[in-house]
4 protein chains.
Amino acid sequence: MNARSPATLVADTGRGNEAAILNAALDAFGTHGFHGASMRDVAKRAGTSLSNLYNYVPSKSRLLAEVLRRANDELAARLGAALADAGDDAASRLREAVRAYVRFIVDHQVAMVVSTNEVRYLTGADRAGLVAERDATQAVFEDIVAQGVADGTFATPYPDDAARAVLTALSAVAGWYRADGRLSRGQLAEQQARYALALLEAPLAR
Amino acid sequence: MNARSPATLVADTGRGNEAAILNAALDAFGTHGFHGASMRDVAKRAGTSLSNLYNYVPSKSRLLAEVLRRANDELAARLGAALADAGDDAASRLREAVRAYVRFIVDHQVAMVVSTNEVRYLTGADRAGLVAERDATQAVFEDIVAQGVADGTFATPYPDDAARAVLTALSAVAGWYRADGRLSRGQLAEQQARYALALLEAPLAR
Amino acid sequence: MNARSPATLVADTGRGNEAAILNAALDAFGTHGFHGASMRDVAKRAGTSLSNLYNYVPSKSRLLAEVLRRANDELAARLGAALADAGDDAASRLREAVRAYVRFIVDHQVAMVVSTNEVRYLTGADRAGLVAERDATQAVFEDIVAQGVADGTFATPYPDDAARAVLTALSAVAGWYRADGRLSRGQLAEQQARYALALLEAPLAR
Amino acid sequence: MNARSPATLVADTGRGNEAAILNAALDAFGTHGFHGASMRDVAKRAGTSLSNLYNYVPSKSRLLAEVLRRANDELAARLGAALADAGDDAASRLREAVRAYVRFIVDHQVAMVVSTNEVRYLTGADRAGLVAERDATQAVFEDIVAQGVADGTFATPYPDDAARAVLTALSAVAGWYRADGRLSRGQLAEQQARYALALLEAPLAR
DNA sequence: TATGAATGAGTTTTCATTCAT
DNA sequence: GATGAATGAAAACTCATTCAT
């Protein structure tokens, strides 16, 4: 099965309704926001009863945390795989990372939107955990940029800030991407890679 | 008085508690999000009673709309003023627009955050109005980019998309800016201007 | 108006439904216990809506605390008044205290039952406050007993424990008293006074 | 094994988890009250699953009934044994009955507390059965008192009411007894016996 | 303009209980 | 006997909003 529904982040876990519930939560949070979505919404989308939700998840906020954790895991896995297959030079590593990121957005647009907008409603350990995972993702980009700045590939005077700028620009894509839009998936990746390289002030040898 | 509290978007309107209420709403929506904030929150922050809110505003969603409208008006005014004072060439117009935008974020960070995150919860005419205002702001940037592409200042192959990328990168600044951060207000503007010009592929005459 | 409904602990406070709510809570807690009574029960008995309860009381447990506080205040006031009018010797002071206590039970049987059975469900400051008030009431009896033991009126070898035994025996009356029972109000007081004096081992000069 | 945990009312019945469940229920009801304790609480304390409870007991209220029945059986057995070994005169019979009662409280304090506070939540046949058992226990004391009054050992003018007063004073002990308190088990029994005899107005030949 | 009281629908969460395995 | 999943009702409490004053 190649074509996933964009909101299907979690595949069947073999544990009853779990996948359905997590995907339903993603959908609901994506549509109404964390506070705007009710547990009833989630249950309805998951095709189960409100109270049964609590056999799988102890609270609404833990539900959000779980969904975000899975989204981040998937993104991290994709980034890792892409970089494992990439060459050694900073420019192509950056390009591969951007491509993987864009593909993640295309496949899991809602997850990206929710990740961006709703983390702030986590608290305590859930928030700390997510922030740590997110920082790890950011470090991946910072490392690439640092490498490129060291070897002269990138001329930006603000390496870390620029890495973050690249990331926020990327994640903003989830806010406007439409599957039926002007650009194909590949073209979108190409565009974003070009933005990234330009922003990092790579020579325009392209 | 020169130093405004960052959340104070609306100055005294001469109409009782109106300014206090609008600023309180901005604060509350900024802290908890539209759905996470309650009218009670707003009333408490404004130092008035819950029911008195409804003497100024007919509903919670109209309160959000009003707040967002004022934020956008202020941003538009600042952009307009900055461009009126700017030169004729695309690069310096872009630079001035970025500077004004950054200064708006620094002065009204919460307003920018709320603008970015909570518009989606408006509906009907309120939403349409806001989107139109926002499109007008975007057009300002698109026009500058178009001018620069026409006269060869900018080499980007995606003028409109790049203009939007510049804008989303800018508004993302509101998500992480801290008054006590590493960069001064001026340095921040400088950095963002450089990102913008790089992203638009202006010659690296810098 | 002389004949009060037994559950009417709180007279009109001039503040909307407050008295009705407190009396309704007393009734509900008396009938079903704290955990067995729902806020809906209370609202129904008070003749108002569930949500309106929360304009008067911030939580169910604070409602219990408030009810118990008022009950204890009334009991303390009655004890104080009775002792102010009593003679100086321990036996007649004890007798008057018992009479006042019994009259309180007769007038506010439900309040006494709830006081006895439901304090344990209070927590934190509410519980501490109530326990302190209750200790003060107990001290009144301990003082009388101490006086009587000192001047030879009471022969009990366990003054403090015996004072407590008297009190628990008294409050247990609330568990079985019926207005239409065998004993009149006065006879009941007489009986309990006799028990108390006997238990304290006063000479059987009776 | 001589030293029982105070809450262990039921010894292994040879039927799977039954004893654990009944003891867990006793604990839970003792801690939170009948309505404040949930079947989940009970299951957790018993170390089994929620649904497995229903293999042993058909409903929550029957669980309470069962626990109370066992507590009362144990108390009745102890009273019976104590009286079988006692002499013939009312004073020593009363003394032995009080001793047995106090020992029951010391061994099964929680059971006594639950018995006292939660019977009221039983309904129908369960309640009727318990009340009958309790009346039988009360009759034991009433008989002793009647005997004593008949032969001049006790001078109380209210034989039946006084018997009940003795019983409620005794059961109230469960409300404050602490294993590490001032009085030993034997001293406590001695004290309560003295209260009882005094209350019944036995001559102070002690 | 301002308030406290009022309301009905809604919130998240827990309840006792049942059922398929 | 034992479990995890399921359910509908109910819990306490909050919501945006209205109204009388």
Side-chain angles (χ1 to χ4, degrees), chain A residues 14-18 20-21 34-43 46-63, chain B residues 15-18 20-21 34-43 46-64, chain C residues 15-18 20-21 32 34-43 46-63, chain D residues 15-18 20-21 34-43 46-64:
Chain A
R15 195 192 159 228
N17 277 336
E18 191 177 39
I21 289 173
F34 176 68
H35 282 120
S38 73
M39 290 298 266
R40 261 190 176 80
D41 282 343
V42 174
T48 185
S49 71
L50 172 57
S51 48
N52 193 33
L53 255 41
Y54 290 86
N55 285 320
Y56 294 87
V57 145
S59 70
K60 191 187 178 188
S61 66
R62 290 292 304 274
L63 178 53
Chain B
R15 194 183 160 236
N17 279 331
E18 189 176 40
I21 289 173
F34 176 67
H35 283 119
S38 72
M39 291 297 267
R40 274 176 171 85
D41 279 344
V42 174
T48 186
S49 71
L50 171 59
S51 42
N52 195 32
L53 257 41
Y54 290 85
N55 286 319
Y56 293 88
V57 140
S59 71
K60 192 187 178 190
S61 64
R62 290 293 304 274
L63 179 52
L64 174 60
Chain C
R15 198 193 157 225
N17 278 336
E18 190 176 40
I21 289 173
H32 303 293
F34 176 66
H35 282 120
S38 73
M39 290 298 266
R40 261 192 174 80
D41 280 345
V42 175
T48 185
S49 70
L50 170 58
S51 47
N52 194 33
L53 255 43
Y54 291 87
N55 285 321
Y56 294 87
V57 146
S59 70
K60 192 186 179 190
S61 65
R62 290 292 304 274
L63 178 53
Chain D
R15 195 183 161 236
N17 279 331
E18 190 176 41
I21 289 173
F34 176 67
H35 282 119
S38 71
M39 291 297 267
R40 273 177 171 85
D41 279 344
V42 175
T48 186
S49 71
L50 171 59
S51 42
N52 195 32
L53 257 42
Y54 290 86
N55 285 319
Y56 293 89
V57 139
S59 71
K60 191 186 178 190
S61 65
R62 290 292 305 275
L63 179 52
L64 174 61

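Lettering of chains follows the sequences in order, A, B, ..., and the numbering in each one begins at 1. Worth knowing before you read on, the calculation uses all heavy atoms, side chains too, and leaves out hydrogens, waters and symmetry mates.
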Closest heavy-atom pair and its distance - A/A20, A/A46: O-CB, 3.8 Å
Closest heavy-atom pair and its distance - B/D41, B/G36: OD2-O, 4.1 Å
Side chains of C/K60 and C/F34 in contact at under 4.5 Å (non-hydrogen atoms): yes
Nearest-angstrom distance from the residue atom CG of A/N17 to C1' of F/dA6: 9 Å
Shortest non-hydrogen contact from A/N17 toward A/Y56: N-OH, 3.2 Å
Could you write out each protein N or O paired with an N or O of nucleotides 18-21 of chain E at a distance under 3.5 Å?
none

d(CZ, A/R15; P, F/dG4) in whole Å: 10 Å
Results of salt bridge (charged side-chain N to carboxylate O under 4.0 Å, His left out) for B/R40 - residues two or more places apart only: none
Interatomic distance, C/Y56 OH vs E/dT3 C1' [rounded to whole Å]: 13 Å
Side-chain N or O of D/T48 closer than 4.0 Å to phosphate OP1/OP2 of F/dA2: no
Distance-minimising heavy-atom pair for D/V42 and D/I21: CG1-O, 4.0 Å
Side chain to side chain contact (heavy atoms under 4.5 Å, CB included) partners for C/S59, two or more places apart: C/S61, C/R62
Rounded distance in Å - CG (A/N52) to P (E/dA16): 17 Å
Reported NE2-to-CG distance for the pair B/H35 and B/L64, which is rounded to 0.5 angstrom: 9.5 Å
5'-to-3' dot-bracket of DNA chain F (Watson-Crick, G-U; under 3.5 angstrom; crossing pairs as [ ]; | other strand): .||||||||||||||||||||
Rounded interatomic separation in angstrom, taking CG from B/L53 and C1' from E/dG4: 15 Å
Spacing between C/I21 atom CD1 and E/dG4 atom C1', to the nearest angstrom: 13 Å
Between E/dA16 (P) and D/L64 (CG): distance, integer Å: 13 Å
Close approaches to DNA chain F from residues 34-43 of chain C, in residue order (heavy atom, under 4.0 Å): C/A37, C/S38, C/M39
By side-chain hydrogen bond (donor to acceptor under 3.5 Å, both in side chains) - contacts of A/N55 (at least two apart): A/N52
Nearest-nucleotide 5' precedence on DNA chain E, B/N55 against A/K60: B/N55
